[in-house]
Amino acid sequence: MPELPEVETIVRDLRLIVPQRTIKAVRVLRPNVVQGTEETFISTLIGKTFRSISRRGKNIVSHMSHDYVLVINLGMTGRLALDTDNSALTHPAVQFQLDRGRPLVYDDIRRFGKLRLFKEPDWESQSDRLGPEPLSPDYTYTDLYEKLASSSSPVRSWLLNQKNLAGVGNIYANEALHLAGVHPRRPSNNLTEPESKLLHQSLKTILYSAIENRGTTLRNYRDTSGLRGRNKPNLKVYGRHEQACFSCKSLVERIVFSNRSAFFCPDCQR
DNA sequence: AGTGTATCCTGCAGGC
DNA sequence: TGCCTGCAGGATACAC
């Protein structure tokens, strides 16, 4: 569910809520969303204070006191929110009682999400296994072009692999490829340098505009206040199977490979 | 190295 | 109304 723009939106919300708050109690209602034993997870977090919140790819990274890092991957349906009386948190999995205010709740319908605890250096080495951040100023089209050149896998699959690029998921991979005019099945090492440059720029454009719109809600995604993202009307191909391309009026096609749907315009994307 | 398949889960839409 | 199938923003492990 949540890709880079959705996670970025949640991270920005959390920065207004949790820093300098201390965890007083933890309730694990669904042990399988927590890595390691429930007991260790709880005892490690009690008494720790949130210092800062950042994002790495699709991960919410909470830097805690005593050099601990709580890393949350939302999977398909994970949510974080402060519990409220009329809460739409239907599948609470973990509750954090803070030193003041309402509990912070991790809610996850399908429970594909994961909450992991690291010591700072261990998280650093874990983070190093992820690809570059597409929105980082020092991520250049040359980086993209050279890395694409070493892979023969379809470019849509390449973009989804978090070791190649961190944070891009199926919606924005398809949207960026459409904006760049590149067919999702093109072998990565088949892209020319100009095409790589266009794809690099398209990724930034698509991701920035999705962040401005606070993410895309197709079904389950909500921000920490329970509000939907507003980016869905901007989608040009994702989910638009058999509808007319806005650029050329051809019908958007849906194909499946690597077990995921790919949407593209057969005329705009060769 | 890459791909297809299965797995972890629940919920919803569509067909009958 | 109910039952069945397919599908969903992710990540990973496996066989080939």
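Here is how names work: the chains are called A, B, and so on, in the same order as the sequence lines, proteins then strands, and each is numbered from 1. Hydrogens, waters and symmetry mates play no part in the numbers below; they use all other heavy atoms, side chains included. Fair warning: this is a prediction, and the values are worked out from it, not measured in the lab.
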Going by distance alone, is a donor N or O of one side chain under 3.5 Å from an acceptor N or O of the other, for [X] and [Y]?
X	Y	answer
A/S261	A/R254	yes
A/E3	A/Y221	no
A/Q95	A/R27	yes

Quick one: [X] [atom1] to [N] [atom2], roughly how many Å, whole number?
X	N	atom1	atom2	value
A/L148	B/dA1	CG	P	17 Å
A/N73	C/dG9	CG	P	15 Å
A/N220	B/dT10	CG	C1'	9 Å
A/Q126	C/dA11	CD	C1'	12 Å
A/D107	B/dC9	CG	P	16 Å
A/R116	C/dT12	CZ	C1'	12 Å
A/L130	C/dA11	CG	C1'	12 Å
A/I109	B/dC8	CD1	P	19 Å

If you check the [X] side chain, which of [options] turns out closest?
X	options	answer
A/K58	C/dG9, C/dA8, C/dA11	C/dA11
A/R185	C/dA11, B/dT10, B/dG4	B/dG4
A/N259	B/dC9, B/dG4, B/dA6	B/dA6
A/E3	C/dG9, B/dT10, B/dG4	C/dG9
A/Y238	B/dG4, B/dG2, C/dA8	C/dA8
A/R260	B/dC9, C/dG9, C/dA11	C/dG9

Discussion item. Taking any heavy-atom pair under 4.0 Å as a contact, classify A/T216: base, sugar-phosphate, or nothing.
Written reply: base
Item to complete: Just call it for A/N32: base, sugar-phosphate, or nothing, with non-hydrogen atoms closer than 4.0 Å on any strand.
Response: sugar-phosphate
Using atom [atom1] in both nucleotides, what's the gap between [N] and [M] to the nearest angstrom?
N	M	atom1	value
C/dC4	B/dC8	C1'	22 Å
B/dG2	C/dG9	C1'	24 Å
B/dC9	C/dC3	P	24 Å
B/dG4	C/dC7	P	15 Å

Would you tell me if any nitrogen or oxygen in the side chain of [X] comes within less than 4.0 Å of OP1 or OP2 on [N]?
X	N	value
A/H91	B/dG11	yes
A/R219	B/dT10	no
A/T77	C/dA8	no
A/S261	C/dA8	yes

Practice prompt. Confirm from the modelled atom types if A/R110 and B/dC9 form a donor-acceptor pair under 3.5 Å, side chain to base only.
Written response: yes
Worksheet item: Where along residues 153-177 of chain A does a heavy atom come under 4.0 Å from DNA chain B, residue by residue in number order?
Response: A/S153, A/P154
Practice prompt. Could you check whether A/F112 and the base of B/dC9 form a stacked pair, meaning centres closer than 5.5 Å and planes differing by less than 30°?
Written response: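 Per 5.5 Å and 30° rule: no stacking.
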Discussion item. Strictly distance-based, threshold 3.5 Å: is any side-chain N or O of A/T49 a donor or acceptor partner for the main-chain N or O of A/Q20?
Written reply: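 No: the side chain of A/T49 does not pair with the backbone of A/Q20.
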Discussion item. Is it the case that the side chain of A/D108 and the backbone of A/G113 share a donor-acceptor pair, with hydrogens and angles ignored and the cut-off at 3.5 Å?
Written reply: yes
Worksheet item: Partners of A/R214 by salt bridge (charged side-chain N to carboxylate O under 4.0 Å, His left out), sequence neighbours excluded?
Response: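 Salt bridge (charged side-chain N to carboxylate O under 4.0 Å, His left out) list for A/R214, sorted by chain: A/D13, A/D223.
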Worksheet item: So, A/E133 and A/R56, do they make that salt bridge, N to O below 4.0 Å?
Response: yes
Worksheet item: Is the charged tip of A/R156 near the ring of A/F264: under 6.0 Å from the six-membered ring centre and within 45° of its axis?
Response: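 No, A/R156 and A/F264 do not form such a contact.
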Worksheet item: Considering heavy-atom distances to DNA chain C, does A/R254 or A/N59 have its closest nucleotide positioned more toward the 5' end?
Response: A/R254
Discussion item. Nearest 0.5 Å, please: how far is CD1 in A/I72 from CZ in A/R55?
Written reply: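 Answer for the CZ-CD1 pair, A/R55 versus A/I72, is 15.0 Å.
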Fill in: Close side-chain approach of A/L159 to A/Y172, heavy-atom, < 4.5 Å
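Not touching, per the 4.5 Å side-chain cut-off.
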Item to complete: Can you tell me which stems DNA chain B forms, taking runs of 3 or more consecutive Watson-Crick or G-U pairs with both distances under 3.5 Å?
Response: B:2-8 with C:10-16, B:10-16 with C:2-8
Item to complete: Give the ring-plane orientation class for A/F50 versus A/F96, where under 30° counts as parallel, over 60° as perpendicular and anything between as tilted.
Response: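 It falls in the perpendicular class, over 60°.
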